[in-house]
Amino acid sequence: MTSETTYPPKIVIRAGTVADLRAALSDGWKDFLKAPGFGLFFGGFFALGGIAILAMTWALGLSYLAYPTAVGFSLIGPFAAVGLYEVSRRLSAGQDLVWRDVLDVIFAQRRREIGWMAFVTMFMLIMWMYQVRVLLAIFLGFQSFTSFDGFLTVILTTYDGLAFLILGHAFGAVLALILFSATVISFPLLLEQEHDFITAMITSFKTVTMSPLVMIGWAAIIGLTLYLSMLPAFLGLLVTLPVLGHATWHLYKRLISFET
């Protein structure tokens with residue numbers, strides 16, 4: 001009796017263009033319109049998570065952390081969009097959209113490499129909150145703020161507050177770009193193929209470095225859209241998260257192919 005070893009297909013990366021971004025966004029919007037129930041469900045779940053975290057900061061008397069916590073929460077968007085990738089995959093393959101089947105695929109990811117990517121995502125979120133605390137200590141000391149309005153007054157009207165605001169956004173942008181580069185391709189890749197998460201992250205970084213302006217532009221679109229969507233009590237995420245999630249899947253399919 002002989003045993004056969006099955007190897008995953010070779011990954012081929014194609015350079016992206018602005019036209020790819022336009023097409024991905026268009027396809028993402030079409031997928032949302034084809035399956036709005038799934039989009040609203042996953043978008044609503046993500047929005048409720050953000051609302052719950054903000055409510056917790058207020059309940060614990062840490063209202064001054066509401067803004068950085070809300071911004072940091074958006075970092076887990078790639079993980080939250082896994083269900084949307086599965087919906088787009090099924091739509092593209094002409095498969096039926098059955099709630100139980102889609103949710104079973106999501107729950108099954110805990111036994112696959114996406115679980116490790118979720119750990120990477122959470123680690124970056126922890127790093128974001130840690131650097132916020134460090135910058136608060138450096139520029140504002142360990143003073144406590146009785147209200148969110150008082151915190152805003154300090155960071156918007158004092159030199160130390162403005163320095164905290166500028167450096168915080170700069171460090172946050174760096175962390176967000178690193179996380180984007182590591183996850184933009186890896187999450188959909190691991191959903192579709194049986195690769196290890198290290199290979200998936202390397203592929204994601206290579207895709208970004210192959211088309212830096214296009215991919216950084218995509219990161220800017222995602223970041224700005226999510227930021228604006230969080231302003232109306234996270235409710236904008238009901239639509240923007242599913243559209244961006246579907247669009248990310250289609251961008252992945254445009255840039256990544258496989259050779260057996």
Side-chain angles (χ1 to χ4, degrees), residues 11 13-14 16-50 74-109 112 114 117-118 121 179-180 183-193 200 203-204 207-208 211 214-215 217-230 232 234-258:
I11 301 171
I13 306 172
R14 182 179 72 82
T17 65
V18 174
D20 289 320
L21 298 186
R22 295 196 190 100
L25 281 170
S26 176
D27 291 340
W29 176 248
K30 291 176 183 177
D31 280 1
F32 174 68
L33 294 180
K34 290 177 182 177
F38 286 92
L40 293 173
F41 173 79
F42 290 114
F45 188 80
F46 190 58
L48 286 175
S74 66
L75 295 177
I76 67 173
F79 178 69
V82 169
L84 299 165
Y85 303 153
E86 174 62 13
V87 170
S88 284
R89 187 193 69 78
R90 287 174 176 267
L91 287 173
S92 298
Q95 299 177 352
D96 293 334
L97 283 177
V98 181
W99 278 100
R100 181 175 180 177
D101 293 344
V102 172
L103 294 178
D104 282 347
V105 169
I106 296 172
F107 289 129
Q109 302 310 310
R112 300 180 67 219
I114 282 184
M117 287 306 304
T121 302
L179 184 61
F180 169 82
T183 61
V184 63
I185 297 298
S186 56
F187 271 106
L189 173 61
L190 292 175
L191 178 69
E192 185 180 36
Q193 299 286 336
T203 302
S204 193
T207 305
V208 173
S211 311
V214 171
M215 296 307 290
W218 180 235
I221 291 172
I222 292 176
L224 181 60
T225 303
L226 291 180
Y227 180 83
L228 294 176
S229 300
M230 291 188 297
F234 288 86
L235 296 180
L237 294 172
L238 288 170
V239 174
T240 57
L241 180 73
V243 172
L244 290 174
H246 293 313
T248 298
W249 171 265
H250 287 288
L251 183 62
Y252 153 75
K253 294 299 290 183
R254 284 178 166 273
L255 303 184
I256 302 297
S257 58
F258 303 95

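What you see is a predicted model; the values in this text were computed from it and never measured.
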Practice problem: Evaluate the criterion side-chain contact (heavy atoms from CB on, under 4.5 Å) for residue pair Val87 and Asp31; output intermediate values, then yes/no. | Solution: CA-CA 8 Å; Val87 170; Asp31 280 1; 5.9 Å; no
Quiz item: When you look at Glu192 and Tyr85, which way does the side chain to side chain donor-acceptor pair (under 3.5 Å) test go after all the steps?
Solution: CA-CA 9 Å; Glu192 185 180 36; Tyr85 303 153; over 6 Å; no
Practice problem: Could you walk me through whether Thr248 and Trp218 pass the side-chain contact (heavy atoms from CB on, under 4.5 Å) test, one step at a time? | Solution: CA-CA 9 Å; Thr248 298; Trp218 180 235; 3.6 Å; yes
Quiz item: Can you list the steps and then say if His250 with Asp20 is a side chain to side chain donor-acceptor pair (under 3.5 Å)?
Solution: CA-CA 9 Å; His250 287 288; Asp20 289 320; over 6 Å; no
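Rounding to the nearest 0.5 angstrom, the gap separating the CG atom in Leu191 from the CE atom in Met117 is 13.0 Å. Of the inter-residue distances, the one linking Leu189 atom CG with Leu255 atom CG reads 12.0 Å to the nearest 0.5 angstrom. Within the model, atoms CD1 of Ile221 and OG1 of Thr240 stand 13.0 Å from one another, a figure rounded to the nearest 0.5 Å. Rounded to the nearest 0.5 Å, atoms CD1 (Ile185) and CG (Leu190) are 11.0 Å apart. Interatomic distance, CG of Leu21 versus CE of Met215, reported as 7.5 Å (0.5 Å rounding). For the atom pair CG of Leu251 and CZ of Arg22, the computed distance is 13.5 Å after rounding to the nearest 0.5 Å.
Counting all heavy atoms, side chain and backbone alike, Ser92 lies closest to Trp249 at OG-NE1, 4.2 Å. When all heavy atoms of Gly245 and Ala81 are compared, the closest pair comes out as CA-CB, 4.2 Å. Listed here is the closest heavy atom pair of Pro242 and Gly43: CD-CA, 4.2 Å.
Evaluation of the ring-ring contact (aromatic ring centres under 6.0 Å, His included) rule for Phe42 yields no partner, not counting sequence neighbours. Under the ring-ring contact (aromatic ring centres under 6.0 Å, His included) criterion, Phe32 pairs with Trp29, sequence neighbours left out. Residues forming a ring-ring contact (aromatic ring centres under 6.0 Å, His included) with Phe38 (at least two apart in sequence, or on another chain): Trp99.
Contact annotation: the side chain of Phe180 approaches that of Val208 to within less than 4.5 Å [non-hydrogen atoms, C-beta and beyond]. Annotation: side chain of Leu241 is in contact with side chain of Leu84 (closest heavy-atom distance under 4.5 Å). Between Leu103 and Ile106 the shortest side-chain heavy-atom distance falls below 4.5 Å. Residues Met230 and Leu237 have side chains in contact (heavy-atom distance under 4.5 Å, counting atoms from C-beta outward).
With hydrogens and angles disregarded, no donor-acceptor distance shorter than 3.5 Å links the side chain of Ser211 to the backbone of Val214. Using a distance-only test at 3.5 Å, with no hydrogens or angles considered, a donor-acceptor pair links the side chain of Arg14 to the main chain of Arg254. Proximity of a side-chain donor or acceptor of Thr207 to a complementary backbone N or O of Thr203 within less than 3.5 Å is detected. In this structure, Ser204 contributes its side chain and Ala200 its backbone to no donor-acceptor pair below 3.5 Å.
A side chain to side chain donor-acceptor pair (under 3.5 Å) with Ser88 is found for exactly one of His246, Lys34, Lys30, namely His246.
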